[in-house]
2 protein chains.
Amino acid sequence: MLKPIQDRTRATRAKLIETAQGIIAAKGYGALRVEEVVQTAGVAKGTFFAHFAGKDGLMELVIAARLNTFLDEAERWPAPQTIDDLIAHIMPLIQFMTTERYVFDVILRHSGAAAREEIGPIAQTFTRQVDVVARWLADSPFRKDISGHLLAEGVQAFLVQAMALHFCAVSNSETMEDRLLTYLDAWLNPRVAS
Amino acid sequence: MLKPIQDRTRATRAKLIETAQGIIAAKGYGALRVEEVVQTAGVAKGTFFAHFAGKDGLMELVIAARLNTFLDEAERWPAPQTIDDLIAHIMPLIQFMTTERYVFDVILRHSGAAAREEIGPIAQTFTRQVDVVARWLADSPFRKDISGHLLAEGVQAFLVQAMALHFCAVSNSETMEDRLLTYLDAWLNPRVAS
DNA sequence: GAAATTAGTTGACCGCGGTCAATTTTAGAG
DNA sequence: CTCTAAAATTGACCGCGGTCAACTAATTTC
């Protein structure tokens, strides 16, 4: 699987991914059916499962690819000097994660590594996100009493929290940005006499 | 559904829940099959879906009930004066949430309200958890520059983060308690010159 | 180039959650 | 007690993800 020796294999796999992305573009992630993918791609159902670790496996690849393009963008930003900037820089990523409930669920489900030994592609984007934010925070005017890595992990925790609340019926009074601002200000700029 | 007028209805519903809990006790949450529940309970499949909003609906009820017993316990504790105490008081809840991957997934999926208008039972336990922790923090020697409610929301965010990492293959070097301690110390006791 | 091995593909089949028109049971009206 | 409308139950059926023994195509061996 990791070393598709034959051209045939690579072609089949590429065709399946391409077909899937077409369906996703047309109907959204949640509407993707494996049956439709294989029918449209013109292969048997079993072939699909020979190439991917199930529907979730394909989703991981496709979603992780998308997340990585957003992280590529984010990486190009200079270190944000305000929390508003910080939020603005990761907002595209957050926006994508929250466009579809199904996508958010898949991401959450795979944010830890899927299998032992092998860390899944979505889990990798979480690691990468922490790295990107940690690098930012190294050159930012926020609290310095803890490591940038820990600070970045906290940012991630609050991002997830804010996104989860976004799908919650109760707290629709506040926008996601406002909630994030409150969280991150309290996390990155604690105003406490030490 | 909310007003089971007939005794028959209440009996059927109770029998289904009882049966389900028996199966869960014997095989775990993830092994529960609707088919097995209805067969064991001696009712038709359609009946199950007339009583619950699907398998997930039943799971919500059963899991939320369990979460609430842990919150009942937690509520009886006095306000913790150290972070270790705080962690100790909430650990039974965390322990339950992380015993089965499936349970954690269900909880996460329902931590926001399931449907508009109606807030689901698991989402309610999240609200309740924030309230319990907020009440604790009001009488605790932690930072006071932000509201107890916001502080408690942050605790919840870090709890979720720590639990998610618990299922992650990468970070098995650290125990969940250690990770929580690091997070909550940074959150509740920021040591920054203000 | 034929035989043997390995890689890739196929589609009938299964498990399981969920639906719904038909049927039975119950509650209330006359 | 009977008739009727509402409530509850039934089980055949469906959708869809996933499996696997059989089959075909490519690669290696001699």
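Please read all numbers here as calculations on a predicted model, not as lab measurements. Every chain is numbered from 1, with letters handed out A, B, ... down the list of sequences.
Using a 4.0 Å cut-off, some side-chain N or O of A:H51 falls inside it from OP1 or OP2 of C:dT9. For D:dA8, the OP1/OP2 oxygens have no side-chain nitrogen or oxygen of B:T12 closer than 4.0 Å.
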Worked verdict on B:F52 versus B:I17 for side chain to side chain contact (heavy atoms under 4.5 Å, CB included)
CA-CA 10 Å; B:F52 309 103; B:I17 293 178; 3.6 Å; yes
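Aromatic rings from A:W187 and B:F158 are positioned such that their centres are separated by under 6.0 Å.
If you measure from atom CD of B:Q39 to atom P of D:dT9, you get 18 Å, rounded to the nearest angstrom. Taking atom CG of residue B:D7 and atom P of nucleotide C:dT25, one finds them 17 Å apart after rounding to whole Å. Whole-Å rounding puts the A:K15 NZ to C:dT9 C1' distance at 11 Å.
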For a quick check, with a 4.0 angstrom heavy-atom cut-off, what is the B/S/- contact string for nucleotides 14-24 of chain C, read 5' to 3'?
--SBBBB----
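No donor-acceptor pair under 3.5 Å is formed between the side chain of A:T19 and the backbone N or O of A:V37. A donor-acceptor distance shorter than 3.5 angstrom exists from the side chain of A:E100 to the backbone of A:Y29, with no hydrogens or angles considered. Of the possible donor and acceptor atoms, none in the side chain of B:R109 sits under 3.5 Å from a partner among the backbone N and O of A:D105.
Partner of B:D185 under the salt bridge (charged side-chain N to carboxylate O under 4.0 Å, His left out) criterion, out of B:R179, B:R191, B:R143: B:R191 alone.
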